[in-house]
Undergrad: 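Okay, here's the structure, questions in a sec.
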Amino acid sequence: PGHAKVSMDFLQKQKVKIITLEQTLMKEEKAIIGKPGEKYKDWLGEIYFDNATAGYMLAKELINTARKLHLQPVVAGISGHFGSESGMRNSGLQTAIKESGAQLTQIVHAGWSTDDAYQKTTRLLKRYPDINIIGRAPDHLALVAIKEM
């Protein structure tokens with residue numbers, strides 16, 4: 001983050017064909033460099049997951065599972081970091097919660113750290129003892145939640 005224009009300028013000057021991955025740039029940087037092919041002719045494209053839809057689909061499935069078990073869904077979220085991928089997943093999670101009428105307690109960021117995720121999961125479960133769903137982006141952080149629940 002913060003170096004996209006410098007990197008793109010350098011690669012363009014070297015006539016390197018570019019395909020980027022994962023839309024990891026913040027809105028401000030995206031506005032500066034544009035879209036593939038728009039400002040940098042050798043930027044051929046970008047490959048990325050639809051993180052908003054992924055967050056939405058996961059949350060809907062977890063909420064529906066809780067309801068099948070006759071539980072009122074009480075949700076917490078633990079994201080990897082403050083970047084755009086986590087933001088999009090959180091957006092999907094929040095949309096699913098609003099649509100379903102589930103209760104969102106809090107979303108925290110663990111910076112991809114299992115130690116941080118462990119500490120934050122422990123604190124969330126103490127603060128909100130009714131939590132029965134924890135939405136997680138990365139798999140290794142989900143394993144921490146499973147151990148704590």
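Side chains included, hydrogens not; waters and symmetry mates left out as well; all remaining heavy atoms used.
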Undergrad: Hey, mind stepping through Lys39 and Ile33 against side chain to side chain contact (heavy atoms under 4.5 Å, CB included) and telling me if it holds?
TA: CA-CA 6 Å; Lys39 296 181 181 180; Ile33 65 168; 5.7 Å; no
Undergrad: How many angstroms lie between atom CD1 of Ile78 and atom OG of Ser86, to the nearest 0.5 angstrom?
TA: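 Between atom CD1 of Ile78 and atom OG of Ser86 there are 12.0 Å.
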Undergrad: Is Leu44 reachable from Val16 through a run of I, L, V, M, F, W or Y residues, each pair having side-chain heavy atoms under 4.5 Å apart?
TA: no
Undergrad: Using side chain to side chain donor-acceptor pair (under 3.5 Å) as the criterion, list what pairs up with Tyr48, not counting sequence neighbours.
TA: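 For Tyr48, no residue satisfies side chain to side chain donor-acceptor pair (under 3.5 Å) once neighbours in sequence are set aside.
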Undergrad: Can you give each donor-acceptor pair under 3.5 Å made by side-chain atoms of residues 4-11, sequence neighbours left out, with the distance rounded to 0.1 Å?
TA:
unit_1	atom_1	unit_2	atom_2	d
Lys5	NZ	Asp9	OD1	3.4
Lys5	NZ	Asp9	OD2	2.8
Ser7	OG	His3	O	3.0
Asp9	OD1	Tyr40	OH	2.7

Undergrad: In Å and rounded to the nearest 0.5 Å, what is the OG1 to CD1 distance from Thr121 to Ile131?
TA: 8.5 Å
Undergrad: Please report the closest heavy-atom contact between Ala96 and Ala59, naming both atoms and the distance.
TA: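 Looking at all heavy atoms of both residues, the shortest contact is CB-CB, 3.6 Å.
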Undergrad: Can you pull out every salt bridge (charged side-chain N to carboxylate O under 4.0 Å, His left out) where at least one residue sits in residues 40-67? Sequence neighbours excluded, please.
TA: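 Listed once each, the pairs are Lys17-Asp42, Lys60-Glu99.
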Undergrad: For the residue pair Arg89 and Ala54, what are the closest heavy atoms and their distance?
TA: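 So the two residues come closest at NH1-CB, 3.6 Å.
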Undergrad: Measure the spacing between CG of Leu93 and CD1 of Ile107 and express it to the nearest 0.5 Å.
TA: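 With rounding to 0.5 Å, CG (Leu93) is 5.0 Å from CD1 (Ile107).
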Undergrad: Do Thr105 side-chain atoms and Val75 backbone N/O form a donor-acceptor pair below 3.5 Å?
TA: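 Checking the backbone N and O of Val75 against the side chain of Thr105, a donor-acceptor pair under 3.5 Å is found.
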Undergrad: Evaluate Ile133 against Ile63 for side chain to side chain contact (heavy atoms under 4.5 Å, CB included), listing each step before the verdict.
TA: CA-CA 8 Å; Ile133 297 172; Ile63 290 166; 4.0 Å; yes
Undergrad: Would you find a donor on one side and an acceptor on the other, under 3.5 Å apart, between the side chain of Ser91 and the backbone of Gly87?
TA: no
Undergrad: Can you tell me how far apart NZ (Lys35) and OG1 (Thr20) are? Round to the nearest 0.5 Å.
TA: 13.0 Å
Undergrad: Could you go step by step and tell me if Thr122 and Arg127 meet the side chain to side chain contact (heavy atoms under 4.5 Å, CB included) rule?
TA: CA-CA 9 Å; Thr122 301; Arg127 187 178 305 139; over 6 Å; no
Undergrad: Say you draw a straight line from CE of Met88 to OG of Ser79; how long is it, rounded to the nearest 0.5 Å?
TA: 11.5 Å
Undergrad: Roughly how far apart are Ile97 CD1 and Gln103 CD, rounded to 0.5 Å?
TA: 9.5 Å
Undergrad: Identify the two heavy atoms, one from Leu124 and one from Ala76, that lie closest to each other, and give their separation to 0.1 Å.
TA: CD1-CB, 4.1 Å
Undergrad: Any sub-3.5 Å donor-acceptor pair from Asn132's side-chain atoms to Val74's backbone N or O?
TA: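 Answer holds: yes.
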